[in-house]
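The next block holds one structure in the form of structure tokens; read it before the comments.
Values below: all heavy atoms of this structure, side chains included; hydrogens, waters and symmetry mates excluded. First the proteins, then the strands, lettered A, B, ... as listed; each starts at 1. For clarity, every value in this text was computed on a predicted model and none was experimentally measured.
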Protein chains: 2
Amino acid sequence: MTLSEENYLKAIYHLEQLSGSGVSTNALAEEMQTKASSATDMVKKLADKQMLIHVPYQGATLSDAGRSHAVKVIRKHRLWETFLVEKLNFKWDEVHDVAEQLEHIKSEKLIDELDRFLEFPKYDPHGDPIPDKNGKFNTIEKITLTQALENKSYRCIGVKDDSSQFLKYLDSNQIGLGTSFEVVHKEPFDQSVKIKLKDKELVVSQSVAKNLFLETL
Amino acid sequence: MTLSEENYLKAIYHLEQLSGSGVSTNALAEEMQTKASSATDMVKKLADKQMLIHVPYQGATLSDAGRSHAVKVIRKHRLWETFLVEKLNFKWDEVHDVAEQLEHIKSEKLIDELDRFLEFPKYDPHGDPIPDKNGKFNTIEKITLTQALENKSYRCIGVKDDSSQFLKYLDSNQIGLGTSFEVVHKEPFDQSVKIKLKDKELVVSQSVAKNLFLETL
DNA sequence: ACCTTTTTTTAGTTTTGTCTAAAAATATAA
DNA sequence: TTATATTTTTAGACAAAACTAAAAAAAGGT
């Protein structure tokens, strides 16, 4: 698998998870920041390699081999992110681009030893679960802040958007993984949410609320 | 710099060190396991990018920018090799191929933090010096076992050949970095060398002797 | 100096992954 | 259902980095 093929597999896996079904050429091109014709070309190549099933004009669905390979890349990405934060003093908003490069390094021993070195972490710095050597990983039910109820308490356990911009916003408002707060008010007009956090009140917009994963306390 | 360009720069740097002068197209093609025409193409490209000076039919010489970039890649390679051996349980004969991939990861913070994490090592697992952030590194005078004198004692401080085959040969004969021994006899007929190592005598061929770096005891 | 051999360069192709432009298939809507 | 819009695919081109084959330059030997 080339670097480009792996990136497409990861994108298709991601879109399948979101929609629960096959992935359209346009959606894939959008995700990959490229043109539909390029996406078609790559989908055909991955179909040749038995990584997915492609019905022309009806999108692509990963095969077991394709899904398994995508999960391996995701495992590598999340382990490297964990390494960067735990051992190399990276902040959670600095790891993404470097991990995008490191996830393509080919060496099974490398990744399994890294896993051991990090003591088999279950979650990465953004709260995403890390697949184990066999591709298994936890999927706990998480809600977003948009779905939370007034006057209940929650703990932040993940982020949907891991862009540097969003993570820096959270940092500057003292929200991180493990942060607990109470939902004070949900504003129907603009879907903003007022929360009480360490005795301070904070209003976050809908764009923020929909990207915060919570567990009920 | 692309992956391929970096690999050529590294090869040119290596050959310049060996010969002390400019690098011929044929030598470069040989080092890169490719054809002379491919080497010419790349040399022209690197000349365009001001990484080297190319006089047609007279070989290539690295510019300061080219040498500096080559040293950066070497720094990364040797730091990653050190990481693999020190932290991830790799043997010294297992690191080369993985480090060849890792040396191309682009992130200054990554490599400087890795350096700190490893506590600023001065030598890699094969005894080669690791350039610091500014590209400076130790160059101690080392001799090879072929140059050693009878009835004198030496310590192994490096290897010229870091192929898995050679390193496994050394392992199986209990020779590693730091191993000390005495030269018992140099055989003029075939340049083989008899050494006394931990009270056992061992004869090594010329091919082995010329790839072992020593310091005098 | 001349011929031969070796080295280096040039010219033209290939493969991978991208692009644009246009054609074909599907979906939507009057 | 028929026209329009959207989505997807095809066709043809391009850049990077490799190749083969052939031409050009340099080096060596007599």
Does [X] reach the main-chain N or O of [Y] with its side chain, forming a donor-acceptor pair under 3.5 Å?
X        : Y        : result
B:Glu150 : B:Lys186 : yes
B:Asn173 : B:Ile175 : no
A:Gln191 : A:Pro188 : yes

Original post:
Just one of B:Glu100, B:Glu31, B:Glu5 clears the salt bridge (Lys or Arg N to Asp or Glu O under 4.0 Å) bar with B:Lys10, so which one?
Top reply: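 So, applying the salt bridge (Lys or Arg N to Asp or Glu O under 4.0 Å) to B:Lys10 and each of B:Glu100, B:Glu31, B:Glu5, only B:Glu100 qualifies.
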Subject >> salt bridge (Lys or Arg N to Asp or Glu O under 4.0 Å), paired with A:Glu6, selected from A:Lys49, A:Lys106, A:Lys72 >> reply: A:Lys106
**OP:** Using the salt bridge (charged side-chain N to carboxylate O under 4.0 Å, His left out) rule, take B:Lys109 and A:Glu94 through it: C-alpha gap first, then chi angles, then the decisive distance, then the call.
**Re:** CA-CA 10 Å; B:Lys109 179 173 171 104; A:Glu94 297 176 315; 3.6 Å; yes
Whole-Å distance separating the [atom1] atom of [X] from the [atom2] atom of [N]:
X       : N      : atom1 : atom2 : value
B:Met42 : D:dC19 : CE    : C1'   : 14 Å
B:Lys44 : C:dA11 : NZ    : C1'   : 10 Å
B:Leu46 : D:dA16 : CG    : P     : 13 Å
B:Glu5  : D:dA18 : CD    : C1'   : 14 Å

Original post:
Is the distance from OP1 or OP2 of C:dT18 to the nearest side-chain N or O of A:Ser4 less than 4.0 Å?
Top reply: yes
**OP:** Taking only the side-chain nitrogens and oxygens of A:His54, find out if one of them lies under 4.0 Å from OP1 or OP2 of D:dT9.
**Re:**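 For D:dT9, OP1/OP2 do have a side-chain N/O of A:His54 under 4.0 Å.
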**OP:** Within residues 22-41 of chain A, find the residues that approach DNA chain D with a heavy atom at under 4.0 Å, and present them sorted by residue number.
**Re:** A:Ser24, A:Thr25, A:Asn26, A:Ala36, A:Ser37, A:Thr40
Subject >> Atom CD of A:Gln147: over 12 foreign heavy atoms under 6.0 Å >> reply: yes
Identify each donor-acceptor pair in which a side-chain atom of residues 86-93 of chain B lies under 3.5 Å from a protein atom, sequence neighbours left out, and give them as a table.
unit_1, atom_1, unit_2, atom_2, d
B:Asn89, ND2, A:Glu113, OE1, 3.1
B:Trp92, NE1, B:Asp171, OD1, 3.1
B:Trp92, NE1, B:Asp171, OD2, 3.4

Original post:
Just by protein heavy atoms under 4.0 Å, how would nucleotides 23-29 of chain C read 5' to 3' in B, S and -?
Top reply: -BSS---
Original post:
Any Lys/Arg nitrogen of B:Asp115 or B:Arg75 sitting under 4.0 Å from an Asp/Glu carboxylate oxygen of the other?
Top reply: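 Here B:Asp115 pairs with B:Arg75 in a salt bridge, since their nearest N and O are under 4.0 Å apart.
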Subject >> Sub-4.0 Å heavy-atom contacts from residues 10-20 of chain A onto DNA chain C, ordered by number >> reply: none
Original post:
Residues in side-chain contact (heavy atoms from CB on, under 4.5 Å) with A:Pro56, at least two apart?
Top reply: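 side-chain contact (heavy atoms from CB on, under 4.5 Å) check on A:Pro56 returns nothing, list empty.
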Original post:
Can you name the residues that form a side-chain hydrogen bond (donor to acceptor under 3.5 Å, both in side chains) with A:Asn26, not counting sequence neighbours?
Top reply: none
